[in-house]
Amino acid sequence: MVSMKNGLKRIAIEPVTRVEGHGKVTILLDEKNEVQQARLHIVEFRGFERFIQGRPFWEVPVLVQRLCGICPVSHHLAAAKAMDIIVGGENLTPTAEKMRRLMHYGQFFQSHALHFFHLCSPDLLFGFDADVAIRNVIGVAAKFPDLAVQGVMMRKYGQEVILRTAGKKIHGTGAIPGGINKNLSNEERDFLLKDIDQMVKWSRGALKIAKDYTVENLDKVKDFGSFESNHFGFVRSDGAMDLYHGGLRAVTATGETIFDHVDYREYLDYIVEEVKPWSYMKFPFIKSIGPENGWYRVGPLPRVNICDFIDTPEAEEARKEFMAVTDGKPNNITMAYHWTRMIELLHAIEKIKELLHDPDLQGNDLVVTGERRGEAVGLIEAPRGTLFHHYKVDENDQVTMANLIVSTTNNNEPMNRAVSKVARDHLSGVEITEGLLNHVEVAIRAYDPCLSCATHAMGQMPLIIELVDHSGNVINRKAKGCKLPEEQ
Amino acid sequence: MSDMIQITIDGREIEAQPSQTILEAAQNKGVYIPRLCYMKGLIPHGSCRICTVMVNGRPQSACTTPVAPGQVVENNTDKLMALRKNIIEMLFVEGNHYCMYCEKSGNCELQALAYRFGIAAPKYPYLFPQRDVDASHRDVLIDRNRCILCGRCVRSSRDVDGKHVFEFVGRGPEKRVAINAEAKLSDTNLEVRDAAVEACPVGAILKKRVGYAVPVGQRMYDHEPIGSDVEAGAAK
C-alpha cells in the first residue's frame, strides 16, 4: 500500500516474501525520492504468552512449539529446559541430554538447509534483481536441479532425525520435564547412519557455495545492509560454540567483552525489552548500555563471532577461514550470515554423526526429577538465534506467567537497521523497481527471520508491493503469492 | 446350548447369552459397534448414542438393549455410520478439543473414533465454550474444555470407587460434570488410583505430571484404529 504522510511518499512491501511469517516494510521518500525512513513492521499478533496461562506446566513444551512450523524443536526444547528446572530435573541423564541434542542438531540441519536452498539461494544464484519469474525456488530447481534435490534431501534428513528423537517430524513430544520419553533404537541409529556421509558431503558443498559467494562478491556485499553491532549468544564453559546450553556472552562490534559466561537464568539483569507503537515485535537491548546503543545481533553470524572455537573439526576449519577475513575480529557484514549459517550446518551434521556413534543414545535412564520450583528460565540457541523462555508455575502446577523472547525479536533492531541502510543506499533518488525493492528483502532474509515466532503468530505469506510517487499516485503495484485487491 | 439366543447383526448369525446386551454379544463375536460412554464394568448409560444400531427397524443404543430371540440388528450401514459421524463431529465442536497438544492424543477414544470415521475437520461451527480447569487436587486435574459428558467418571466414582466424587449438574448446553464438594477437586476424597480417574475416554480427567511420557508410536491408537482389537477377536 502506498500513501502520503506529512508530504512524504510511502512505499509498503507487504508482506515480505521468502521469510517465515507476515511482515511488511515501509519506506518513506521525500519529494526528491530520497529515503527518509525505512522500517520492518511485524503485523501479526497471536498472544501465546497469554493463552498458555492456566495450562499445566508439562503441557507447555508441546503446546508452545505450535508457535512455529519451521523450528518448533527450538521452542519445544527451550520450554522443556525451563520445565526441567520446575521439576528439579535440570541435571539430565546422558541419554536424555544427548537425545535432545540430537533432536536439536537435526533441527538446525533441516532449518538451515531450508533457508539456504529454498529461501535465499534464488537471490545468490540469480542476483538480487534478476527476473522475479525465475528468482524463486522453482527457478533454482529448473537451472540447478542437483542443488534443489540436495536442499530437499538435506531438509528431509534433518526431519528424519527429529522424527526419531521427538516422535514426529513436526511438533513431536520427545522432550518432557526432566528428560526425554524415548531413546534411539539400534534400528533408528542404523537408519540415520545410512545417509550420514552423503549429508556431510553435501554440507561441505553448501558451505563452499556460501563462502565462495561471499568472498567473490566481498566488495558488493561488505556494505550491503551492514553496520557495526554488538553480538550476543551463549557459549560452552570452555568458550566453544554450543547450540544447546551455555553461558551468555556479549561482545562489541570490535570484539570487546560486554559480559561473559552469565547464567542465563539471570537474563533480566542483562536484557530489557522496549515496545514501539508501530510493531508487535519488541526491541531488546543490553541493559548496561541502554536502548540507543545496546541493541545486538543474534544467530549464526554472532555465534561464530563470539565463540572461541567449534568442537567439530571441519566446522572449526571453516570458522578459522571465516574469521581470517576480519583478522579475528567480529565480522559485521550482514550478508556473512549465509556463510556462517552454512558453517553451522556443517557443525550440526558433524555433531549428528558423532552422536549416532555414542552408545548413550541407547540408554534407558530417561528422566530425573528433584526439588519442585515455581519459576524457571530456559534458553537455547535456535537456528535463528538465542531463544528465551521464562515461566512461573503455581502450586497447582498451572502456568501463571510466560515471557518469550524469540530469536527474531532479538534481531529486530538489526533488521530495521539493515532495511534502512539498504533503502538509503539503493533506493534513494532512483527509479524504484521490483528488483531494487527485493534488495530490501534480501537484507531481511540474511537474518532468516521467523516473524511468526517473533509475534508468536502464524499465517500465510502474501506480498503486495506498491510504489507511489510523492503526490500519492500509485505508479506500480506487484503481488507475490496472493492476488491484488482488484483481482480478488 | 439350548438357552442361548440367536440374533443377526448385518445378516450374520450371532449366538448370545440371554444376559448380554447387543453390544456385548457383538463384541464377543468380533463385531465392533463404535461407542464412547460404554465402558466394561460400568452400568451402561446409553447417552452418547454412538452405538446406535437398528433393532428390528428401530434405532436403539446397543450398550443398553438386551439381546432377544430373533432380533435383526443393523450396525454397519451407511445411514448409521453417517449418524455416528455426525455425533462425533458435534462432540468436537461442542467443547474445546485441541488434539495437537493434548496429552491424551493417541490414547483418546474421541480422537480415535474421528480417525476411524475419516473426520479430518469438523463441518459444524465451533462453539468455543468458556470452560474451566480445576487443578487444585495434588495428583489429578479436570479440564472441562475436553469433557464430552459421557458420565464414565460419574459412574466409576459412584459404582466402583463408592465415592460420588463427580456428578452432572445443569441441563442442555449448560450441563457439566460437577465436583461433589463445596468448591474444588482438592476438597473431595478422590485418589489418583481411583477407577474414576482411569475412566475418562478423553483428556478431561488426567493424572498430573504424566503428560507425554509415552512416545508417539507407542500410544494405544498409533497403529491400529479403535475397535481393531474387537474385530481381531482379542477383546473380551
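In what follows, every chain begins at residue 1, and chains take the letters A, B, ... in the order their sequences are listed.
For the pair F166(B)/I205(B), a side-chain contact is recorded, criterion being any heavy-atom separation below 4.5 Å from C-beta on. Within the 4.5 Å cutoff, no side-chain heavy atoms of N145(B) are placed close to those of Y98(B).
Using a 4.0 Å cut-off between a side-chain N of Lys or Arg and a carboxylate O of Asp or Glu, E354(A) and K98(A) do not qualify as a salt bridge. Note on D187(B) versus K184(B): no salt bridge recorded, every NZ/NE/NH1/NH2 to OD/OE distance being 4.0 Å or above.
Comparing S136(B), C102(B), S105(B) by heavy-atom pairs within less than 4.5 Å of chain A, the highest count is held by S136(B). Each of E103(B), K208(B), Q218(B) has some count of heavy-atom pairs under 4.5 Å with chain A, and the biggest count is that of K208(B). Looking only at heavy-atom pairs under 4.5 Å with chain A, the residue among D143(B), V210(B), D132(B) that has the most is D143(B). Interface remark: of the candidates Q398(A), E395(A), K182(A), Q398(A) forms the most heavy-atom pairs closer than 4.5 Å to chain B. Ranked by heavy-atom pairs shorter than 4.5 Å toward chain A, the options R138(B), R209(B), H137(B) are led by R209(B).
Interface residue L63(A): backbone and side-chain heavy atoms are both found under 4.5 Å from chain B. In this structure, chain A has no heavy atom under 4.5 Å from any part of D139(B). Using a 4.5 Å cut-off between heavy atoms, D222(B) does not touch chain A at all.
Taking a 6.0 Å sphere around CZ of R131(B), one finds it holds more than 12 heavy atoms contributed by other residues, nucleotides or ligands.
Across R193(B), R152(B), K207(B), a single residue satisfies salt bridge (Lys or Arg N to Asp or Glu O under 4.0 Å) together with E198(B), and that is K207(B).
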